[in-house]
Structures are given as C-alpha cells and as structure tokens.
Amino acid sequence: MEEDNKLIEERREKLKALRAAGQAYPNDFVRKDFAKDLSDAYGGKTKEELEKAAVRASVAGRMMLKRVMGKASFATLQDGSGRIQAYISNDVTGENDHEAFKHWDLGDIVAVEGRLFKTMKGELTVNAEKVRLLAKALRPLPEKFHGLTDHEMRYRQRYVDLVMNPQVRDVFLTRTKVIQSIRETLAAEGYLEVETPMMQPIPGGAAARPFKTHHNALDMDLYLRIAPELYLKRLVVGGIERVFEINRNFRNEGISTRHNPEFTMLEWYCAYEDWQYMIDLTERLVRAAADKPTVTYQGRELDFGKPFARVTIADAIRRQGIEGDLRDRDFLASRLKSLNVELTKEHGWGALQLMLFETVAEKHLVQPTFVTDFPAEVSPLARRRDADPELRRPGGDVLRRRLRARARVRHAALRRRRHRHRPAGDAAHGQPEHP
RNA sequence: GGGUCGUUAGCUCAGCUGGUAGAGCAGCGGACUUUUAAUCCGUUGGUCGGCGGUUCGAAUCCGCCACGACCUACCA
C-alpha cells in the first residue's frame with residue numbers, strides 16, 4: 001500500500017480532471033523522432049540554417065525540467081535516446097494549451113510536434129505547435145538537481161534510477177551486448193545452447209547452500225539449483241558434444257555488491273578437448289565481448305587485443321621475489337606468518353601456496369592473465385594434471401584457473417566454469433561430497 | 001562475521017555544549033515571451049527510524065532494536 005501524501009493527492013486530482021475532460025491516457029500520438037537523432041542531425045546547424053530548413057519534429061518523453069515564464073515556457077523531455085528541449089508559447093502553441101501545460105508536472109509523459117529551431121543560447125529546441133499530455137505521473141520525481149542518490153532506493157527502484165541516472169542504462173546495454181557476443185561466439189564454435197532444470201531433487205555441481213521449495217503435486221521437496229553442471233554433463237554423455245547454458249543459479253548465502261542470491265552464470269562443456277583448449281576458448285570469448293581492443297577501467301588501460309598472459313601460481317609468486325620450495329609447507333607457513341596471514345594446521349602446502357599467491361601476487365595481475373597450476377588441494381573438482389603425478393602428493397595439477405585482471409568488469413553477472421572431472425576423493429580432503 | 005558511520009518534509013540536506021523544527025528543490029497562488037538546476041514574491045507540508053531511560057525539558061545525551069552505507073574477511 002502506498003501512503004498518500006499531498007503531492008500524490010494533488011496529482012490524483014489533476015488526473016481526475018483529465019479523465020472528466022476526455023481520454024487521460026491517449027495512445028494515438030505517433031512519435032517520429034528520437035532526441036539523439038535530432039541532435040546528431042541538426043545540433044551542428046546554425047540558427048539560420050535551421051530556420052531555412054524548416055525541419056518538423058515529433059517527439060515524446062518524460063518531462064524532466066520545466067521553466068514557465070508567463071506567456072512562454074520551456075520543457076526538457078527525456079526519451080529512450082536522450083533529452084531534447086521544447087518551447088511552448090501563447091504565440092505558436094496557443095494560449096489554451098499553454099495554460100494547460102503550466103499545470104503539468106515533472107515526470108509526466110509529454111508529446112510535442114513542431115519545427116526545430118535554436119534558442120538565443122544555441123540549444124536545439126522543438127517550437128511546439130502541438131503539445132499533449134500522454135501519461136500523467138502520479139508520483140513525484142526525486143529532486144531535480146541532486147536526483148536519486150540513496151543507494152538502497154536506487155537498487156530497490158531501478159526504474160526510478162533509470163529515469164534519474166541515464167548512465168545506468170549503459171550498464172544494461174553492456175550486459176546484453178556481452179551476453180549476445182558470448183552466444184554468437186559459442187554458436188560459431190559449434191555449441192548448442194540449452195536450458196536445464198532449475199528445480200533439482202539434489203542440488204549439485206558446486207558447494208553452496210541451496211534454497212528449498214516444495215512441489216505439491218509430487219509432494220516432494222526440491223532445491224533451486226546452485227549450478228547446472230550435472231545436467232549439462234548428462235547432455236554430453238547423451239551425445240551433445242558441445243553444450244552451454246547461460247542462466248540463473250541460486251545460492252542461499254551472503255549478499256553483497258558482488259554476491260547476489262540469484263546470479264547468472266555461463267557454463268560450457270565439450271568432449272575431446274583439454275584445459276588448454278578451454279583457456280583458448282575463454283580468451284576468444286572475452287576478446288570478442290570487448291567491443292574494442294583496449295578498455296579503460298578505473299584509470300587503467302586493459303588490453304584485450306593481444307594474447308592474454310599465462311602464468312603458473314608458483315611463477316607468479318616467484319616474480320614477487322620469493323625464492324624457495326613452493327611445495328614445502330613449512331617454508332610457505334613461515335612466509336605467510338611474516339605477512340601476518342592467519343593459518344591453521346588443516347592447511348596443506350597447496351592451500352598455503354594459494355594463500356601466498358593471493359596475498360602477494362594476485363594484486364599485480366592487472367592485465368588479462370590466466371593463472372594455471374592450482375594445487376590439487378584447492379581444486380577438488382578438477383582433473384589432475386597427467387604430466388605432474390608426484391607420487392606421494394599429487395602436485396601441480398591445474399585445473400582451476402580463473403580469468404584474472406579486470407575481465408570481470410565485462411562479465412559483471414557472468415562467470416564461467418570449465419569442464420570438470422569428478423575427483424577421486426573429495427571426502428578424503430575434507431571437502432563436502434559433490435553428488 | 002568484524003570495524004566505522006548513518007536514519008530529520010515527496011527529494012537533497014542543515015539543526016552547536018539539551019530549550020520544543022529549518023533551507024533548497026518539488027507542490028500550491030502570483031509576476032515574467034529565448035529559459036538552461038530559470039528568476040522574483042507569497043504559501044502548504046514533519047509521529048525528527050522504533051522502544052525505553054536520564055532530565056523541569058530530548059531531533060540532540062544513554063541503552064536496546066530495526067534498516068542502511070562504507071571499509072574488511074569469505075562465497076561466483
């Protein structure tokens with residue numbers, strides 16, 4: 001229930017009057033022009049050129065600003081492409097319509113038809129011969145100068161955020177473009193896109209707390225999936241040798257700006273390839289998704305054009321000037337202690353090596369970089385490296401490599417997972433058993 | 001989870017060492033025919049997040065609770 005306040009009540013009264021006078025929400029207006037197109041085409045013309053050209057325009061949008069000056073007024077309309085100014089006057093628009101316009105509110109959807117001209121200050125403006133109120137807004141917009149800044153309100157009322165902060169539209173556009181690009185790249189490489197069950201009897205494919213729900217007809221509990229992995233693998237078993245899914249997963253865990261209980265994830269699987277292929281394909285996906293070779297993010301230029309660097313965890317650590325046996329638990333433990341990192345006896349050399357990497361090396365990986373050879377201890381689902389058996393203690397092994405650098409910018413909501421083989425001994429490592 | 005800060009009008013925010021609530025914008029009324037957050041005059045609007053305590057007196061001090069932001073650790 002909305003609480004009524006005087007501003008909304010005032011607008012309701014206006015709407016009531018509109019209804020009494022006829023159709024309050026007309027839908028017969030034909031919008032012919034976008035603000036940005038007009039600005040692109042005529043913004044560079046001089047006042048005289050525009051006058052001679054006598055260009056007619058028909059625009060509509062949300063009224064963001066309004067300046068009433070007696071016998072003439074200005075309004076700033078915002079449409080899906082940008083903003084354009086309208087001039088409403090007794091002379092051209094007519095006194096009756098201008099008087100009506102004076103009582104319209106910021107936030108109303110307004111249509112204007114007329115000739116383009118430039119004001120004394122040089123702003124491209126539609127000189128309204130006709131002005132219509134297409135939709136009355138009942139709720140007031142946030143303050144016109146400061147806008148909507150409260151973070152909670154921006155996220156809870158994304159539509160208001162979009163109205164007041166048009167740059168957030170770019171976030172939506174970028175996300176859609178990235179996903180489209182990924183679809184195109186994978187399709188071109190012979191992958192089939194599928195959708196697998198979201199409600200699963202046993203939530204598998206990752207270690208995470210699930211949401212629980214209940215199917216009445218079957219009288220059975222089901223879980224919202226935490227990953228599509230197991231179903232995608234079954235499709236591979238069934239003969240769909242290259243398959244992917246971009247879809248929601250649900251994890252009943254912490255919430256932050258980086259962690260949403262429901263988030264979109266990309267997973268793909270393919271037969272007859274190894275981890276090197278997966279790295280290469282990942283690189284192709286990211287490069288294609290970046291619409292230009294270099295991207296500036298937070299003041300740093302990131303180069304997606306040249307081949308991505310590849311480095312093992314151990315080499316990344318050594319580059320920070322650390323010499324020693326990086327598979328020696330005591331050595332790693334002493335280095336970590338000197339860096340004030342807390343550790344326990346449960347941590348083996350693999351976990352410690354990863355901790356050391358995260359402490360000293362990861363922050364230096366700014367450009368797109370593949371980090372390889374994660375210790376088996378911290379890669380429970382990954383296949384062990386054939387070339388590095390290390391009898392006593394499965395060494396090197398790879399498997400997990402994450403796309404570092406700021407590649408995650410472009411994938412704000414996307415994460416990829418690679419083809420994984422079930423390890424022989426999750427439980428033995430103290431990890432939860434993955435079904 | 002830990003730390004810091006915050007919650008006052010529809011929006012953005014002031015409000016000092018406690019004295020009983022303010023501005024701008026929005027709204028309403030008026031002036032104004034090239035404005036740009038238009039300007040000028042007048043005016044409506046508040047359970048100061050909630051509960052309790054201290055006090056003659058609490059937006060202000062104290063306690064608890066709720067909600068939120070930022071930093072930090074972990075999960076994608």
Side-chain angles (χ1 to χ4, degrees), chain A residues 2-14 47 63-77 83-93 95 98 102-108 117-128 137-157 160-161 163-164 205-210 225-229 247-267 340-342 354-355 358-359 378 400 402-403 407-408 411-418 432:
Chain A
E2 308 173 347
E3 90 265 19
D4 284 342
N5 63 51
K6 286 215 164 167
L7 295 182
I8 293 173
E9 203 44 53
E10 188 82 43
R11 292 182 176 212
R12 284 226 165 84
E13 288 303 316
K14 289 179 180 179
K47 195 170 166 64
M63 183 159 67
M64 303 302 292
L65 294 170
K66 178 183 162 195
R67 297 173 285 279
V68 176
M69 300 173 303
K71 298 191 177 62
S73 302
F74 288 92
T76 301
L77 304 185
R83 292 185 171 195
I84 189 157
Q85 183 170 257
Y87 180 69
I88 299 99
S89 66
N90 284 359
D91 288 350
V92 176
T93 319
E95 192 169 346
H98 183 218
K102 289 181 184 176
H103 296 284
W104 299 350
D105 296 297
L106 297 186
D108 290 353
F117 77 109
K118 279 209 166 170
T119 64
M120 289 170 70
K121 296 287 171 60
E123 176 155 350
L124 187 67
T125 302
V126 180
N127 192 354
L138 292 179
R139 305 188 68 87
L141 287 178
E143 202 264 344
K144 66 186 178 187
F145 184 58
H146 297 92
L148 183 69
T149 57
D150 185 280
H151 283 122
E152 186 194 355
M153 295 308 283
R154 288 187 61 187
Y155 283 115
R156 289 199 182 178
Q157 300 185 3
V160 179
D161 194 26
V163 169
M164 300 308 294
R209 288 174 56 197
R225 72 178 188 188
I226 55 177
E229 174 158 345
N247 226 323
R248 290 282 161 123
N249 294 286
F250 307 86
R251 297 189 181 177
N252 208 343
E253 295 174 347
I255 299 177
S256 75
T257 47
R258 289 201 171 177
H259 297 90
N260 198 312
E262 49 178 307
F263 64 99
T264 301
M265 182 162 76
L266 160 66
E267 288 200 15
N340 293 319
V341 177
E342 284 181 36
L354 180 61
M355 287 162 74
E358 287 171 345
T359 306
V378 293
R400 197 173 149 215
R402 303 177 273 185
L403 199 53
R408 63 179 57 177
H411 292 265
L414 287 176
R415 255 327 92 106
R416 53 150 295 295
R417 299 161 68 83
R418 62 175 301 246

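In the text below, chain A, chain B and the rest are named by the order of the sequence lines, each starting its count at 1. Scope of the values below: all heavy atoms of this structure, side chains included, with no hydrogens, waters or symmetry mates.
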Check nucleotides 22-24 of chain B for protein N or O atoms closer than 3.5 Å to its own N or O atoms and list the pairs.
none

Could you write out each protein N or O paired with an N or O of nucleotides 40-48 of chain B at a distance under 3.5 Å?
{"from": "B/rU44", "atom 1": "O2'", "to": "A/Lys6", "atom 2": "NZ", "distance (Å)": "3.3"}

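Judged as a side chain to side chain contact (heavy atoms under 4.5 Å, CB included), and not counting sequence neighbours, the contacts of A/Asp91 are A/Ser89. The salt bridge (charged side-chain N to carboxylate O under 4.0 Å, His left out) test applied to A/Lys102 returns A/Glu99, not counting sequence neighbours. Shown here are the salt bridge (charged side-chain N to carboxylate O under 4.0 Å, His left out) partners of A/Asp108, two or more places apart in sequence or in another chain: A/Lys136. Residues passing the salt bridge (charged side-chain N to carboxylate O under 4.0 Å, His left out) test with A/Lys66, sequence neighbours excluded: none. Every residue meeting the side chain to side chain donor-acceptor pair (under 3.5 Å) condition with A/Ser73, not counting sequence neighbours, appears here in chain and number order: A/His98. Scored by the salt bridge (charged side-chain N to carboxylate O under 4.0 Å, His left out) test, A/Arg248 finds A/Glu262 as partners (sequence neighbours excluded). A/Phe74 pairs by the ring-ring contact (aromatic ring centres under 6.0 Å, His included) definition with A/Tyr87, not counting sequence neighbours. Remark: A/Lys14 pairs with A/Asp105 by the side chain to side chain donor-acceptor pair (under 3.5 Å) rule, at least two apart or across chains.
Going from atom CG of A/Leu141 over to atom C1' of B/rC25 covers 12 Å, rounded to whole Å. The CG atom of A/Leu106 sits 17 Å away from the P atom of B/rG10 (whole-angstrom rounding). In this structure, A/Met64 atom CE and B/rC25 atom C1' are separated by 14 Å, rounded to whole Å. To the nearest angstrom, C1' of B/rG27 lies 15 Å from CZ of A/Arg139.
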Annotated protein contacts, base or backbone, on nucleotides 30-36 of chain B with a non-hydrogen cut-off under 4.0 Å, one of B, S, - each:
--BBBBB
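One distance of note links NZ of A/Lys121 with CD of A/Gln85; it measures 10.5 Å at 0.5 Å rounding.
The closest side-chain heavy-atom distance from A/Pro140 to A/Leu106 is not below 4.5 Å. Between A/Glu95 and A/Lys71, the closest side-chain pair of non-hydrogen atoms is not below 4.5 Å.
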Using Watson-Crick and G-U wobble pairs with both distances under 3.5 Å, what is the 5'-to-3' dot-bracket string of RNA chain B, with [ ] for crossing pairs and | for pairs outside the strand?
(((((((..((((.....[..)))).(((((.......))))).....(((((..]....))))))))))))....
